[in-house]
Structure formats: C-alpha cells, structure tokens
Amino acid sequence: MAGPVTPMEIALDEARAAAARGEVPVGAVVLGPDGAVLARAGNRVEELNDASAHAELLALREAAAARGEPRLPDCDLVVTLEPCPMCAQAISFFRIRRLVFGAYDPKGGGVEHGARVFDAASCHHHPEVVGGVEETASSDLLRDFFAVRRPGGG
C-alpha cells in the first residue's frame, strides 16, 4: 500500500506533465496553512507564448485567485527547481511563508545562486527556504529533458 503523496511528488507530477507538453519540466504546488493543496501547475511558457508562465507564477496566481487575496502569508510553495530571479521576486511579493525546492540551479537560480533575491536590501519579504528536497528526482527530469533536445550537451 502506497503512503501519502507528498507535495514534492505532486510538483514532480506537474513537471512530468510539463515535459510531456514540450515545456521545461518544472512543477509547483501551493499549500494552504493546513497543508491542503490550493493550486498546482507546470510550466506553460511555450503553450501560452508567455515568458512569465513559469510553474511558480501560475500556481501562485491560481492560489491567490482561489483565496481572493493578493498575498499568501500563511502558505508554502513547493517547486521542483530553484526559482529564477523573476519567480523569487514574485514569491516575495506574494509573501509566501516557506519555499521548498528540489534541484539547485547554479546557472539561472535566483535564491541560492545568481541574484539571491531574498538577500537583497530591496527585498521586503524573505520566506523560510528549504532546498534540495527530492533533488535527484528533480535534476534527473531536467537532465533527461535537455539530453533529448541538446544532444552532446550543447
């Protein structure tokens, strides 16, 4: 008998669905204060012709709309990849309580790498951050996706 599905497993399912649509495999889940799933999304950049249609932004927008509130200060965001600077700034604006992510992104991340948005003096809200959750599964999805599209590592 399978145990309960974790939020990261839900995010990984969203990432797999994104990959199946030809999108970069990133998935995100917003959890309410009781741990219930408020919203879930995978990347839809190509489908929507919208460079901002990252999984995090789609899930955050959906959760805020469902609650009828512009900010989510008692909510957590679980995402398969370290958020980029755009998404990290949005996480700050949505006032997310806790960010949990899977794979680290040394090239494009904005939390532990690159811009380190939450460390900037201009950042008004710094969520609790937990990185590396199901890191291998998240990294494998990304690696496999790009291996098919960029043979030879290019």
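Atoms considered below: every heavy atom in the structure, side chains included; atoms not considered: hydrogens, waters and symmetry mates. One is the number of the first residue; the rest follow in order along the sequence.
For the pair Asn43 (side chain) and Val24 (backbone), a donor-acceptor distance under 3.5 Å is present. Remark: side-chain polar atoms of Thr80 are paired, donor with acceptor, to backbone N or O of Gly27 under 3.5 angstrom. Put simply, the side chain of Glu14 never gets that close to the backbone of Ala55: no donor and acceptor are under 3.5 Å apart. Within the 3.5 Å criterion, the main-chain N or O of Gly102 finds no donor-acceptor partner in the side chain of Glu82. Side-chain atoms of Glu23 come within 3.5 Å of backbone N or O of Glu46 as a donor-acceptor pair. Proximity of a side-chain donor or acceptor of Arg40 to a complementary backbone N or O of Val37 within less than 3.5 Å is not detected. A donor-acceptor contact shorter than 3.5 Å is absent between the side chain of Arg95 and the backbone of His126.
Atom CD of Glu134 and atom CG of Leu12 lie 6.5 Å apart (nearest 0.5 Å). A distance of 7.0 Å separates CD1 of Ile96 from CD1 of Ile91, quoted to the nearest 0.5 Å. Here the CZ-CG distance, from Phe94 to Leu60, works out to 5.0 Å after rounding to the nearest 0.5 Å. Between the CD atom of Gln89 and the CZ atom of Phe118 there is a distance of 8.0 Å, given to the nearest 0.5 Å.
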Given side-chain contact (heavy atoms from CB on, under 4.5 Å), test Val111 with Arg116 step by step and report yes or no.
CA-CA 4 Å; Val111 177; Arg116 298 180 188 258; over 6 Å; no
Please lay out, stage by stage, how Leu141 and Arg16 fare under the test side-chain contact (heavy atoms from CB on, under 4.5 Å). CA-CA 7 Å; Leu141 264 177; Arg16 289 183 197 98; 3.7 Å; yes
message = Assess the residue pair Arg97 and Asp74 against the criterion (salt bridge (charged side-chain N to carboxylate O under 4.0 Å, His left out)); give the C-alpha distance rounded to whole Å, side-chain angles, the decisive distance to 0.1 Å, and a yes or no.
response = CA-CA 6 Å; Arg97 174 178 58 189; Asp74 54 356; over 6 Å; no
- [ ] Take Cys75 and Leu38 through the side-chain contact (heavy atoms from CB on, under 4.5 Å) test and state the conclusion after the steps.
- [x] CA-CA 9 Å; Cys75 296; Leu38 295 178; 3.7 Å; yes
Decide side-chain contact (heavy atoms from CB on, under 4.5 Å) for Phe101 and Val78; before the verdict, give the C-alpha distance in whole Å, the side-chain angles of both, and the deciding distance to 0.1 Å. CA-CA 6 Å; Phe101 68 86; Val78 178; over 6 Å; no
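For the pair His54 and Val26, the minimum side-chain heavy-atom distance is 4.5 Å or more. The side-chain heavy atoms of Ser52 and Met86, taken from C-beta on, include a pair separated by under 4.5 Å. Taking the side chain as every heavy atom from C-beta outward, Arg44 and Leu58 approach each other to under 4.5 Å. Inter-residue side-chain proximity for Ser92 and His125 is flagged as met; some heavy-atom pair is nearer than 4.5 Å. Under the 4.5 Å side-chain criterion, counting only non-hydrogen atoms from C-beta, Glu112 is in contact with Val129. Counting only heavy atoms from C-beta outward, the side chains of Asp76 and Val100 never approach each other to under 4.5 Å. Annotation: side chain of Glu128 is not in contact with side chain of Leu99 (no heavy-atom distance under 4.5 Å). Under the 4.5 Å side-chain criterion, counting only non-hydrogen atoms from C-beta, Leu81 is not in contact with Ser138.
Across all their heavy atoms, Val79 and Pro83 have their closest contact at CG1-CG, 4.0 Å. Closest heavy-atom contact between Ala115 and Pro85: CB-CG, 4.0 Å. For Arg67 against Leu72, the heavy-atom pair with the smallest separation is CD-CD2, 3.9 Å. Nearest approach of Leu48 to Ala53, heavy atoms of both residues: CD1-CB, 4.0 Å.
Residue-environment remark: CZ (Arg71) stays at or below the threshold of 12 foreign heavy atoms within 6.0 Å.
Ring geometry for Tyr104 versus His113: interplanar angle over 60°, hence perpendicular rather than tilted (30 to 60°).
If you chain together hydrophobic residues whose side chains sit under 4.5 Å apart, Val133 and Leu31 fall into the same group.
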